[in-house]
Structures are given as C-alpha cells and as structure tokens.
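Structure first, then comments.
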Number of protein chains: 2
Amino acid sequence: MPEQTEKGYDLCAVAGTIRLISGKYKAVILYHLMDESLRYSEIHRYVPYATDKMLAQQLREMEKDGLIVRTVYPVVPPKTEYALTEFGRTLRPLLLEMAKWGETYFLKEKAAGPGAE
Amino acid sequence: MPEQTEKGYDLCAVAGTIRLISGKYKAVILYHLMDESLRYSEIHRYVPYATDKMLAQQLREMEKDGLIVRTVYPVVPPKTEYALTEFGRTLRPLLLEMAKWGETYFLKEKAAGPGAE
DNA sequence: CGGAATCCTCTTTGATACTG
DNA sequence: CAGTATCAAAGAGGATTCCG
C-alpha cells in the first residue's frame with residue numbers, strides 16, 4: 001500500500017498521528033485502555049501525577065477525537081467507564097511499538113543512549 | 001513484546017517515547033531524515049509552516065536528545081546537514097507505523113483514491 | 001465518585017528583525 | 001544559507017475549591 005507514498009502526504013499522516021496521541025498523558029491512557037475498560041479513578045491511579053483537570057481534559061479530547069467512549073452509569077455513587085472505540089483500537093500496533101521502543105531504547109539507554117554517538 | 005511487562009513500567013516507556021517525539025514538527029522531521037541527510041533549508045521546505053526559530057529549536061532539542069547529528073561544513077555559503085544518529089535510526093519502525101496508521105485511519109477519505117483499500 | 005470552575009504560572013509558539 | 005535575539009501571544013499545565 002505505501003508504495004505510492006509521497007513525502008508531503010506521509011508528512012500529514014505523521015503530523016496527524018502525532019496530533020492525536022501527543023498530549024502529556026494520552027498515549028499512556030490509551031495504552032492502559034487497550035486491555036480493558038477503566039473507570040475514571042482507575043485511570044487516575046495509573047496516572048497519579050495528572051490533576052483532575054488535566055485528566056478530564058485529555059479524556060474529553062480523546063472522546064471528541066473518537067478514540068475513546070465514555071459511558072456514565074446512573075448509579076450512586078457515580079460510575080463512569082472509559083473504553084477504546086473501534087477506531088481507538090486500531091492504534092494498538094502503534095502503542096505497542098511505542099512501548100517496545102521506549103522499553104528497549106529509552107529505559108535501557110544508560111548503556112548506549114544520547115551522547116554515545 | 002518482551003517477556004513479562006509490568007504496567008507501571010510500560011507506562012514510563014510510552015510516556016518517555018512520547019516525550020521524545022512529540023513536539024510539533026519532530027516526528028515529521030525525523031520521518032524525512034529516515035531516508036537521507038538533509039540541510040536546514042531542505043528540512044524547512046518540508047515543514048514550511050514552521051518558523052526558523054521553531055525549526056532550530058526542535059532540531060536542537062532532538063540533537064540534545066541524541067536523535068540527530070548536526071554537521072556544519074565550513075564553506076561559503078554555509079552548509080549544515082542533519083542526519084539521524086544510530087539511536088535515532090532505531091525509531092524507524094515506530095515512524096513507519098505512525099505514517100501507516102495516519103495514512104490508513106487518519107487520512108482515510110483522501111487515501112481512498114487510486115489503489116486505496 | 002467523577003468531575004467542573006476558577007485563578008494563576010510556565011512553556012510553547014509565533015512574528016519580526018537582525019547576523020556571520 | 002543557517003541561523004540568533006527579542007517581544008508578545010497563546011496554550012498547556014497546576015493548585016485549589018466546589019458540586020451533583
């Protein structure tokens with residue numbers, strides 16, 4: 001498929017992808033939602049350094065972008081669940097690749113990382 | 001995926017990866033540097049909407065992060081070339097995955113032209 | 001529990017001008 | 001050509017408080 005890939009074309013693709021998943025906590029949240037739906041508080045536990053404001057904001061943005069769905073259960077106490085949409089699930093390979101790369105080169109760069117060249 | 005992956009571990013890996021390549025033009029620049037070394041003006045032509053300041057800044061950050069190397073040739077007129085480092089080249093699979101995803105899901109309507117799926 | 005509202009700060013980005 | 005310098009604007013992010 002990417003045979004006929006033009007430079008300026010992929011440029012937009014890459015930029016668009018970055019725009020959707022860059023955001024301080026987005027990729028991390030998406031990564032955790034890959035396996036299971038999570039409640040607001042559960043997500044927050046995964047990203048404790050994020051404030052409520054930031055978390056809600058990033059979640060709303062991703063919801064607007066069609067990456068996740070928000071389901072509110074009208075119960076007491078309130079319960080809200082976040083899950084990947086079909087669209088969001090297509091990010092799986094990318095998220096795994098990111099985790100893999102980060103794991104291999106970013107966390108193990110003590111041996112041969114930046115400055116090594 | 002490497003053996004037993006812990007959540008909090010991959011979380012850092014994903015976050016770290018995002019931190020390195022998110023940046024308005026970074027991924028796009030890296031993508032173009034995958035194939036060949038480029039001069040400052042050539043990069044700028046690929047990212048025309050970036051200002052000189054932004055471009056220089058992002059390049060300096062990526063240089064500091066060990067992703068690219070900057071080579072200045074002492075000639076007139078000045079010539080500076082940017083290239084991926086060994087470390088930067090390891091991003092290749094990720095960048096390709098990003099381009100592929102963006103192309104397939106993000107630019108889908110436009111991609112649905114000739115030979116598109 | 002799952003947020004929204006407000007205020008404030010820091011960083012990012014942009015516009016413009018200048019330089020070796 | 002390949003930047004740097006400076007100022008100003010915009011946005012991201014944080015701290016705190018409050019609410020259904």
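Everything quoted here is computed from the prediction, not taken from an experiment. Residue numbers begin at 1 in each chain, while the letters A, B, ... track the order of the sequences.
OP1 or OP2 of C:dG3 lies within a sub-4.0 Å distance of a side-chain N or O belonging to A:Thr80. Contact annotation: A:Ser41 side-chain N/O to C:dG2 OP1/OP2 distance is under 4.0 Å.
Remark: P of C:dC1 and CG of A:Leu55 are 14 Å apart, rounded to the nearest angstrom. Look at CZ on B:Arg60: it is 11 Å from C1' on D:dA2, rounded to the nearest Å. Note: CZ (A:Arg45) to C1' (C:dC1) measures 11 Å, nearest angstrom. With rounding to whole Å, B:Glu42 atom CD is found 12 Å from D:dG3 atom P. Atom P of nucleotide D:dG3 and atom CD of B:Glu61 are separated by 15 Å, given to the nearest angstrom. In this structure, B:Arg39 places its CZ atom 10 Å from P of D:dG3, rounding to the nearest Å. B:Glu63 has its CD atom 14 Å from the C1' atom of D:dA2, to the nearest Å.
Side chain of B:Arg70, nearest nucleotide from D:dG3, C:dG2, D:dA2: D:dG3.
An angle of 60°, rounded to 10°, separates the two end axes of the helix from C:dC1-D:dG20 to C:dG20-D:dC1, each defined over five pairs.
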B:Arg89 and B:Glu86: CA distance, side-chain angles, deciding distance, salt bridge (charged side-chain N to carboxylate O under 4.0 Å, His left out) verdict: CA-CA 5 Å; B:Arg89 271 190 288 277; B:Glu86 200 60 49; 2.9 Å; yes
After noting the C-alpha distance and the side-chain angles of A:Tyr49 and A:Tyr25, does the key distance pass the ring pair (Phe, Tyr, Trp, His ring centres under 6.0 Å) rule? CA-CA 10 Å; A:Tyr49 35 92; A:Tyr25 316 113; 5.7 Å; yes
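At least one side-chain heavy atom of B:Met62 sits under 4.5 Å from a side-chain heavy atom of B:Ile29.
A side-chain donor-acceptor contact under 3.5 Å links A:Thr85 to the backbone of A:Leu67.
Note on A:Arg60 versus A:Glu63: no salt bridge recorded, every NZ/NE/NH1/NH2 to OD/OE distance being 4.0 Å or above.
Through side-chain heavy atoms spaced under 4.5 Å, either directly or across other Ile, Leu, Val, Met, Phe, Trp or Tyr residues, B:Tyr73 is tied to B:Val75.
The 5' end of DNA chain C is approached more closely, in terms of each residue's nearest nucleotide, by A:Pro77 than by the other of A:Ala56 and A:Pro77.
The residue A:Tyr73 sits apart from the nucleic acid: no heavy atom pair falls under 4.0 Å.
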Strictly under 4.0 angstrom, non-hydrogen atoms only: write out the protein contact profile of nucleotides 13-20 of chain D, one letter per nucleotide from the 5' end, B, S or -. BBB----B
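Within the structure, every pair that satisfies the salt bridge (charged side-chain N to carboxylate O under 4.0 Å, His left out) test and touches residues 14-33 of chain B, not counting sequence neighbours, is listed here: B:Lys26-B:Glu61.
Shown here are the side-chain hydrogen bond (donor to acceptor under 3.5 Å, both in side chains) partners of A:Arg70, two or more places apart in sequence or in another chain: A:Tyr82. Residues meeting the side-chain hydrogen bond (donor to acceptor under 3.5 Å, both in side chains) test with A:Asp65, sequence neighbours left out: none.
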